[in-house]
Chemist: 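Here it is, the structure, as structure tokens.
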Amino acid sequence: MMDTFTRYWSSIIDRAWAGPRAKWIGRVPSMMDAEENMMLFEITRKFPRKIEHIVDGGAFLGASTVCFGQALSWREKNTDESYGREAIYSYDLFETTDYVRHFVEVNLSRKASNDPDYLFREYIHNVGEFIRYTSLIKGDVRNFPWKEDKQIDILFLVFLKTEDINEFAITNFFPHLIAQESIVIQQDYFHELVPWIPLTMELMSDHFEHLTTCCSSALFKVIKPITSATSVQMADEVRSLSTSDKITIFDKIQTRFAEPGRLAMLELSKIRAVLADGDIDRARHIADALPADYLALKWPAELLRRMMINAQPSR
């Protein structure tokens with residue numbers, strides 16, 4: 001018998017995926033850590049009831065889709081459930097950019113094709129048999145509104161690279177989450193370039209409970225329904241935050257974490273938010289006050305150096 005939701009949430013808090021890794025982990029190149037792959041597999045495999053829909057929000061070469069697909073396959077073999085093409089909705093631009101070519105050459109040790117459909121074809125190849133569970137959405141996610149009658153059980157967000165897309169996710173996906181049952185994985189929660197992600201989740205803390213972290217990801221339980229009206233209001237509030245409000249919110253978020261690496265990344269995210277508001281002096285003041293143990297990690301110091309250089313006005 002599958003876990004109840006109470007046991008399910010406890011297993012997530014206990015990071016039940018942090019054991020032996022499945023043999024297929026790592027076969028598809030990814031910007032995710034191997035532990036994050038296992039996390040996606042386990043939270044899907046152990047979901048306490050039949051899964052309605054999974055949003056795979058940033059498919060890239062297909063690693064996340066494979067994690068979800070492996071879990072659905074396990075469920076079909078070990079329960080009386082069956083799944084079709086609408087179990088997983090996988091989103092990506094599937095654009096073969098210079099970054100994609102570089103990633104392929106470094107991680108696959110071969111040249112990437114100049115074919116504009118190269119990334120899409122690689123995804124199809126890597127996903128393999130699990131395409132039977134998958135509806136592919138190719139292009140800008142903002143052009144594909146979610147259907148009103150479809151609930152979302154697992155929301156994996158990777159494509160929140162701009163504030164506009166973040167707002168779209170709030171208003172388009174959040175109202176379809178189920179209170180006390182749905183889970184949200186913010187894959188770039190600890191990333192210096194997307195400060196709107198932690199700001200959003202903190203502003204919506206009446207609706208989301210932070211459960212745990214996994215590498216750069218933060219996992220949240222939905223604790224209160226989000227209406228369409230509420231989602232629009234919250235998107236507006238995130239966009240309207242003053243610089244002082246952002247600093248205050250980041251300071252509050254940081255009280256929940258102890259690891260220097262995570263705290264350093266949140267500090268960099270805070271600085272990025274301040275720089276985006278055009279306040280270079282205030283950002284420099286925050287940077288100058290960074291604890292020495294953050295900068296001792298070396299990578300925060302290098303990221304900070306690049307961030308401040310890019311923020312300088314052109315001469």
Side-chain angles (χ1 to χ4, degrees), residues 17-18 20-41 56-70 88 90-131 134 136-141 156-162 165 185-195 197 213-218 259-262 264-265 268-269 272 295-310:
W17 57 80
R21 292 170 182 166
K23 293 180 180 179
W24 49 266
I25 293 290
R27 290 180 182 172
V28 179
S30 171
M31 286 176 277
M32 293 189 297
D33 186 273
E35 184 181 346
E36 287 175 293
N37 281 260
M38 276 302 295
M39 176 267 292
L40 293 181
F41 172 71
D56 179 18
F60 194 41
L61 287 167
S64 54
T65 312
V66 168
C67 294
F68 294 129
Q70 288 278 5
I88 307 170
S90 287
Y91 295 79
D92 207 289
L93 291 171
F94 292 108
E95 292 181 347
T96 310
T97 62
D98 289 341
Y99 176 80
V100 169
R101 293 188 185 92
H102 175 74
F103 185 90
V104 167
E105 290 170 9
V106 169
N107 292 277
L108 276 69
S109 300
R110 56 183 166 84
K111 288 283 187 180
S113 168
N114 289 323
D115 181 349
D117 289 327
Y118 173 78
L119 181 59
F120 183 72
R121 289 189 288 103
E122 284 290 316
Y123 170 88
I124 295 295
H125 171 76
N126 292 334
V127 170
E129 63 175 305
F130 303 123
I131 199 68
T134 308
L136 285 173
I137 297 90
K138 181 182 179 183
D140 190 329
V141 62
F156 178 53
L157 292 171
V158 188
F159 50 44
L160 306 184
K161 308 304 184 187
T162 70
I165 297 176
I185 306 97
Q186 288 279 14
Q187 204 268 335
D188 287 328
Y189 189 89
F190 298 98
H191 195 295
E192 80 279 8
L193 296 181
V194 285
I197 293 176
T213 59
C214 179
C215 303
S216 66
S217 296
E259 308 95 323
R262 297 196 193 284
M265 189 57 79
L268 292 174
S269 190
R272 175 68 178 83
L295 299 178
L297 297 171
K298 294 186 178 179
W299 60 262
E302 177 59 21
L303 287 176
L304 178 62
R305 185 187 69 81
R306 295 178 188 175
M307 195 181 296
M308 298 306 295
I309 288 175
N310 290 336

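What you see is a predicted model, and the numbers here were worked out from it, not measured in a lab. Along the sequence shown, residues are numbered consecutively beginning with 1.
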Chemist: Under the side-chain contact (heavy atoms from CB on, under 4.5 Å) criterion, do L93 and L119 qualify, and how do the steps go?
Modeler: CA-CA 9 Å; L93 291 171; L119 181 59; over 6 Å; no
Chemist: Could you measure the distance from the OG1 atom of T134 to the CD atom of E129? Nearest 0.5 Å is fine.
Modeler: 10.5 Å
Chemist: Could you walk me through whether S90 and T65 pass the side chain to side chain donor-acceptor pair (under 3.5 Å) check?
Modeler: CA-CA 7 Å; S90 287; T65 312; 3.3 Å; yes
Chemist: Less than 4.5 Å apart, side chain to side chain, heavy atoms only: is that true for W17 and C214?
Modeler: yes
Chemist: What's the shortest heavy-atom distance between G69 and I88, and which atoms?
Modeler: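 Nearest pair, atom of G69 first, then I88: N-CD1, 3.9 Å.
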Chemist: Between L40 and S64, what is the shortest heavy-atom contact and its length?
Modeler: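 The pair with the smallest heavy-atom distance is CD1-CB, 3.9 Å.
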Chemist: Restricting to non-hydrogen atoms, name the atom on Q187 and the atom on S216 that form the minimum distance, rounded to 0.1 Å.
Modeler: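 Heavy atoms only, the tightest pair is O-OG, 2.8 Å.
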Chemist: Are any non-hydrogen side-chain atoms of V141 and I165 less than 4.5 angstrom apart?
Modeler: yes
Chemist: I want to check something: taking the side chain as every heavy atom from C-beta on, are D117 and T96 in contact at a cut-off of under 4.5 Å?
Modeler: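 Heavy-atom side-chain distance check fails, nothing below 4.5 Å.
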Chemist: Hey, are the side chains of M265 and L303 touching, using non-hydrogen atoms and a 4.5 Å cut-off?
Modeler: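 Yes - at least one pair of side-chain heavy atoms lies under 4.5 Å apart.
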Chemist: For a quick test of reading the model, state the closest non-hydrogen atom pair linking C215 to D33 and the distance between them.
Modeler: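 For C215 and D33, the tightest heavy-atom pair comes out as SG-CB, 3.4 Å.
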Chemist: Are M31 and V158 close enough that some pair of their side-chain heavy atoms sits under 4.5 Å apart?
Modeler: no
Chemist: Going by heavy atoms in the side chains, are M307 and L268 under 4.5 Å from each other?
Modeler: yes
Chemist: Between R306 and E302, does at least one N-O distance fall below 4.0 Å, as a salt bridge requires?
Modeler: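 Yes.
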Chemist: I'd like to check V28 versus N37 (side-chain heavy atoms, cut-off strictly below 4.5 Å). Are they in contact?
Modeler: no
Chemist: Rounded to the nearest 0.5 Å, what separates atom CZ in R305 from atom CG in N310?
Modeler: 9.5 Å
Chemist: For D188, run the side chain to side chain contact (heavy atoms under 4.5 Å, CB included) check against L160, L157, V194, L193 and tell me which one passes.
Modeler: V194
Chemist: Do you know which two heavy atoms are closest between A59 and D92, and how far apart they sit?
Modeler: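 The pair with the smallest heavy-atom distance is N-OD2, 3.3 Å.
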Chemist: For the ring-ring contact (aromatic ring centres under 6.0 Å, His included) test, which of Y91, F94, F103 pairs with F60?
Modeler: F103
Chemist: Which pair of heavy atoms, one from C67 and one from F41, lies closest together, and at what distance?
Modeler: O-CD1, 3.7 Å
Chemist: For the CD atom of E259 and the CZ atom of F190, what is their distance to the nearest 0.5 Å?
Modeler: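 If we round to the nearest 0.5 Å, E259:CD and F190:CZ are 7.0 Å apart.
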Chemist: Less than 4.5 Å apart, side chain to side chain, heavy atoms only: is that true for V66 and Q70?
Modeler: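 In short, these two side chains touch, coming nearer than 4.5 Å.
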